[in-house]
Peer 1: 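I have a structure here, written as structure tokens, and I will follow up with some questions on it.
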Amino acid sequence: MIPPVLLGVDWGTSRFRAYLVVAAGAVLARIETGDGILSVAPGGFETLFHQRLQAWLAQWPTLPVVLSGMITSRNGWLELDYQALPADGDSLAGAMRAHPVGNGRLLHFVPGLADLADDRAPDVMRGEETQLLGLLSLAPALPARVLLPGTHSKWARIGQRGIEGFRTYMTGECYAVLREHSILGRLMRPGAADPAAFDKGLNDRRSGAASLLQQLFAVRTLGLFERMPATDLADYLSGLLIGDELAAALAGDDDSPVHLVGSGPLVARYRRALEVFGVSGRVAGSDLAVLGQLALARKRGLVR
């Protein structure tokens with residue numbers, strides 16, 4: 001068996017992911033649980049860390065450990081200040097914090113980033129910066145624009161100086177709130193995904209014939225007057241919201257490809273949305289956090 005050179009932990013709000021990584025960047029083994037930071041009692045992070053990784057820590061007592069994600073937030077284990085832009089592997093590696101735990105072991109925590117551009121409100125990320133460094137390690141053509149779909153979607157620009165800017169869209173959270181806690185969800189019924197309803201939402205929003213707030217009420221009225229099946233209303237709502245995100249994020253940009261970070265149905269949905277908007281979406285993969293952690297460990301001198 002090829003020995004690992006790094007133990008990487010991507011510890012987010014709702015998920016705990018750990019990886020044994022070999023020198024080439026491949027994942028030798030992984031652990032994923034629902035132990036996100038919000039489910040951990042105050043002061044319980046170190047105990048849970050050892051519980052989940054006990055076997056690996058015992059087998060490889062000198063293996064370097066890098067942690068990224070919301071674990072360095074105010075609600076996490078070790079709060080680190082946001083680093084300003086532009087940011088690259090050197091600056092982020094220099095801002096990492098070493099933290100001792102039992103048996104003299106040091107854990108290395110990665111800070112988040114803040115976009116403090118003067119022309120708009122501050123924006124922040126934790127965890128995505130490591131994925132973006134992973135993408136940079138694959139040497140994409142620069143400058144590049146990157147989309148990281150999620151509850152809070154991130155659109156980032158990477159260039160010769162590294163990560164140069166980003167914006168956050170609360171699309172996923174708005175979808176959940178409107179579907180589960182508003183009148184729009186009352187007529188919705190579960191059913192198979194309907195690509196046509198999703199595309200209709202995208203195109204209705206792309207047309208810009210009405211404001212988003214007005215178009216959202218159509219999710220209810222299309223159901224009331226049975227112009228759209230109840231099983232299709234959720235897909236139509238998704239199309240409206242993602243369409244609004246793309247209309248804003250793509251405004252004024254060229255039609256160069258967008259790198260999509262992640263995998264699964266949500267990434268496939270965003271790729272289709274980009275296609276409807278006339279932009280190519282290139283799926284970059286789902287283990288970029290691993291590559292980013294490995295790149296930082298090398299910059300930090302933890303891995304040769």
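When reading the values below, keep in mind they use all heavy atoms of this one structure, side chains included, and skip hydrogens, waters and symmetry mates.
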Peer 1: What's the shortest heavy-atom distance between Ser39 and Gly36, and which atoms?
Peer 2: OG-O, 2.8 Å
Peer 1: With side chain to side chain contact (heavy atoms under 4.5 Å, CB included) as the test, would you mind laying out the steps for Leu241 and Leu178 before giving the verdict?
Peer 2: CA-CA 10 Å; Leu241 293 173; Leu178 289 170; 4.3 Å; yes
Peer 1: Is it the case that the side chain of Gln215 and the backbone of Asp204 share a donor-acceptor pair, with hydrogens and angles ignored and the cut-off at 3.5 Å?
Peer 2: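 Looks like yes, one N/O pair under 3.5 Å.
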Peer 1: Look at the side chain of Glu129 and the backbone N and O of Gly127, then say whether any donor-acceptor pair between them is shorter than 3.5 Å.
Peer 2: yes
Peer 1: Give a yes or no answer on whether the side chain of Trp56 reaches the backbone of Ala29 with a donor-acceptor pair at less than 3.5 Å.
Peer 2: no
Peer 1: Is it the case that over 12 heavy atoms from other parts of the model lie below 6.0 angstrom from the CG atom of Leu224?
Peer 2: yes
Peer 1: Do the side chains of Leu132 and Val283 join up, straight or via other hydrophobic residues, at under 4.5 Å, putting them in one cluster?
Peer 2: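 Different hydrophobic clusters.
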Peer 1: Restricting to non-hydrogen atoms, name the atom on Ala273 and the atom on Ile242 that form the minimum distance, rounded to 0.1 Å.
Peer 2: CB-CG2, 3.7 Å
Peer 1: Is Val5 reachable from Leu291 through a run of I, L, V, M, F, W or Y residues, each pair having side-chain heavy atoms under 4.5 Å apart?
Peer 2: yes
Peer 1: State, to 0.1 Å, how close Arg179 and Met188 come at their nearest heavy-atom pair, and which atoms those are.
Peer 2: CG-SD, 3.7 Å
Peer 1: Would you please indicate yes or no on a ring centroid separation below 6.0 angstrom for Trp77 and Phe49?
Peer 2: yes
Peer 1: Side chain of Asp10, backbone of Gly12: donor and acceptor closer than 3.5 Å?
Peer 2: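 It does not hold such a pair.
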Peer 1: Before you tell me yes or no, could you show the steps for Phe45 and Ile37 under side chain to side chain contact (heavy atoms under 4.5 Å, CB included), namely the whole-Å CA-CA distance, both residues' side-chain angles and the distance that decides it to 0.1 Å?
Peer 2: CA-CA 8 Å; Phe45 288 104; Ile37 66 162; 4.0 Å; yes
Peer 1: Side-chain contact test, heavy atoms from C-beta onward, threshold under 4.5 Å: evaluate it for Arg52 versus Thr33 and give yes or no.
Peer 2: yes
Peer 1: Taking Lys154 for its side chain and Val124 for its backbone only, find out whether a donor-acceptor pair lies under 3.5 Å.
Peer 2: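 Side chain of Lys154 to backbone of Val124, a donor-acceptor pair under 3.5 Å: yes, one is there.
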Peer 1: Kindly check if the number of other-residue, nucleotide or ligand heavy atoms within 6.0 Å of CZ (Arg15) is above 12?
Peer 2: yes
Peer 1: Would you find more than 12 non-hydrogen atoms of other residues, nucleotides or ligands less than 6.0 Å from Asp119 atom CG?
Peer 2: yes
Peer 1: Would you say the side-chain atoms of Asn203 pair up with the backbone N or O of Asp199, donor to acceptor, closer than 3.5 Å?
Peer 2: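 It does hold such a pair.
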Peer 1: For the residue pair Leu107 and Leu78, establish whether any side-chain heavy-atom pair is separated by less than 4.5 Å.
Peer 2: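 Heavy-atom side-chain distance check fails, nothing below 4.5 Å.
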Peer 1: Could you please spell out the steps behind the side chain to side chain contact (heavy atoms under 4.5 Å, CB included) verdict for Leu63 and Leu57?
Peer 2: CA-CA 8 Å; Leu63 197 64; Leu57 296 172; over 6 Å; no
Peer 1: Counting C-beta onward and ignoring hydrogens, is there a side-chain heavy-atom pair between Arg206 and Leu202 closer than 4.5 Å?
Peer 2: no
Peer 1: Could you state the interatomic distance from OG (Ser280) to CD (Glu275), rounded to the nearest 0.5 Å?
Peer 2: 9.0 Å
Peer 1: Is it true that the side chains of Ser73 and Asn75 contain a donor and an acceptor less than 3.5 Å apart?
Peer 2: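 Ser73 vs Asn75: no donor-acceptor pair found between side chains.
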Peer 1: Has the side chain of Arg145 got a donor or acceptor atom that lies under 3.5 Å from a matching backbone atom of Ser256?
Peer 2: yes
Peer 1: Less than 6.0 angstrom from the centroid, inside 45 degrees of the normal: does Arg272 satisfy that with respect to the ring of Phe277?
Peer 2: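 Output no; distance or angle outside limits.
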Peer 1: According to a hydrophobic-cluster definition based on side-chain heavy atoms being under 4.5 Å apart (Ile, Leu, Val, Met, Phe, Trp, Tyr only), do Phe217 and Leu212 belong together?
Peer 2: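 No; tracing contacts between hydrophobic side chains, which count when under 4.5 Å, never links both residues.
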Peer 1: Do Leu246 and Leu213 belong to the same hydrophobic cluster, where Ile, Leu, Val, Met, Phe, Trp and Tyr are linked whenever their side-chain heavy atoms lie under 4.5 Å apart, directly or via other members?
Peer 2: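 No, separate clusters.
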Peer 1: Quick check for you: to the nearest 0.5 Å, what is the distance between Thr130 atom OG1 and Met125 atom CE?
Peer 2: 10.0 Å
Peer 1: Measure the shortest side-chain to side-chain distance between Ile163 and Pro86 over non-hydrogen atoms and say whether it is less than 4.5 angstrom.
Peer 2: no
Peer 1: Rounded to the nearest 0.5 Å, how far apart are CZ of Arg282 and NE2 of His259?
Peer 2: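 Here the rounded value is 6.0 Å.
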Peer 1: If you round to the nearest 0.5 Å, how far is CZ of Phe166 from CZ of Arg157?
Peer 2: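 The distance works out to 10.0 Å.
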Peer 1: Hey, are Tyr19 and Gln293 close enough side-chain-wise for a donor-acceptor pair under 3.5 Å?
Peer 2: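 Judged by distance alone, the side chains do not pair up.
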Peer 1: Under a 3.5 Å threshold, yes or no: a donor from one side chain and an acceptor from the other, between Asp235 and Ser238?
Peer 2: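 The answer is no; no qualifying pair exists.
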Peer 1: What about Val21 and Leu296, same hydrophobic cluster or not, with Ile/Leu/Val/Met/Phe/Trp/Tyr joined at side-chain heavy-atom distances under 4.5 Å?
Peer 2: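 Result: yes, single cluster for both.
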Peer 1: So does Arg161 pair up with Asp88, basic N to acidic O under 4.0 Å?
Peer 2: no
Peer 1: Check this for me: Arg227, atom CZ, are more than 12 non-hydrogen atoms of other residues, nucleotides or ligands nearer than 6.0 Å?
Peer 2: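 Count not over threshold, so no.
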Peer 1: What's the shortest heavy-atom distance between Leu274 and Trp155, and which atoms?
Peer 2: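 Scanning both residues completely, I find the closest heavy atoms to be CD2-CH2, 4.1 Å.
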Peer 1: So do the side chains of Val279 and Leu250 get within less than 4.5 Å of each other, counting heavy atoms only?
Peer 2: yes
Peer 1: Donor-acceptor check, side chain of Arg271 to backbone of Gly281, threshold 3.5 angstrom: yes or no?
Peer 2: yes
Peer 1: I need the minimum non-hydrogen distance between Met96 and Arg300, along with the two atoms involved.
Peer 2: O-NH1, 3.2 Å
Peer 1: Which atoms form the tightest heavy-atom contact between Val22 and Leu28, and what is the distance?
Peer 2: CG1-CB, 4.2 Å
Peer 1: Main chain of Ala210, side chain of Arg205: is a donor-acceptor contact present, judged purely on distance under 3.5 Å?
Peer 2: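 Yes; judged by distance alone, with no hydrogens or angles, the pair exists.
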Peer 1: Within a strict 4.5 Å, meaning less than it, do heavy atoms of the Tyr236 and Leu222 side chains meet?
Peer 2: yes
Peer 1: Quick one: do Ile71 and Val110 satisfy side chain to side chain contact (heavy atoms under 4.5 Å, CB included)? Show the steps, please.
Peer 2: CA-CA 9 Å; Ile71 193 64; Val110 181; over 6 Å; no
Peer 1: If we ignore angles and hydrogens, is there a donor and acceptor under 3.5 Å between the side chains of Glu245 and Thr171?
Peer 2: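 Their side chains do contain a donor-acceptor pair, which is all the 3.5 Å distance test asks for.
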Peer 1: Rounded to the nearest 0.5 Å, what separates atom CG in Leu184 from atom OG1 in Thr221?
Peer 2: 9.5 Å
Peer 1: First locate atom CG of Leu288, then atom CG of Leu135, and finally report the distance between them rounded to the nearest 0.5 Å.
Peer 2: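 Result: 6.0 Å between the selected atoms.
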Peer 1: Do Thr168 and Ser153 touch side chain to side chain, with heavy atoms closer than 4.5 Å?
Peer 2: no
Peer 1: Would Arg120 and Asp115 count as a salt bridge (charged side-chain N to carboxylate O under 4.0 Å, His left out) if you check the C-alpha gap in whole Å, the side-chain angles of each, and the deciding distance to 0.1 Å?
Peer 2: CA-CA 9 Å; Arg120 53 191 174 87; Asp115 187 335; 2.9 Å; yes
Peer 1: For atom CG of Asp90, is the number of surrounding heavy atoms from other residues, nucleotides or ligands below 6.0 Å larger than 12?
Peer 2: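 Counting neighbours around CG of Asp90, more than 12 heavy atoms of other residues, nucleotides or ligands fall under 6.0 Å, so yes.
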Peer 1: Kindly indicate whether the side chain of Val65, heavy atoms from C-beta on, has any atom under 4.5 Å from the side chain of Phe109.
Peer 2: no
Peer 1: Say whether, by atom type as modelled, one donor and one acceptor occur between the side chain of Arg97 and the main chain of His108 under 3.5 angstrom.
Peer 2: no
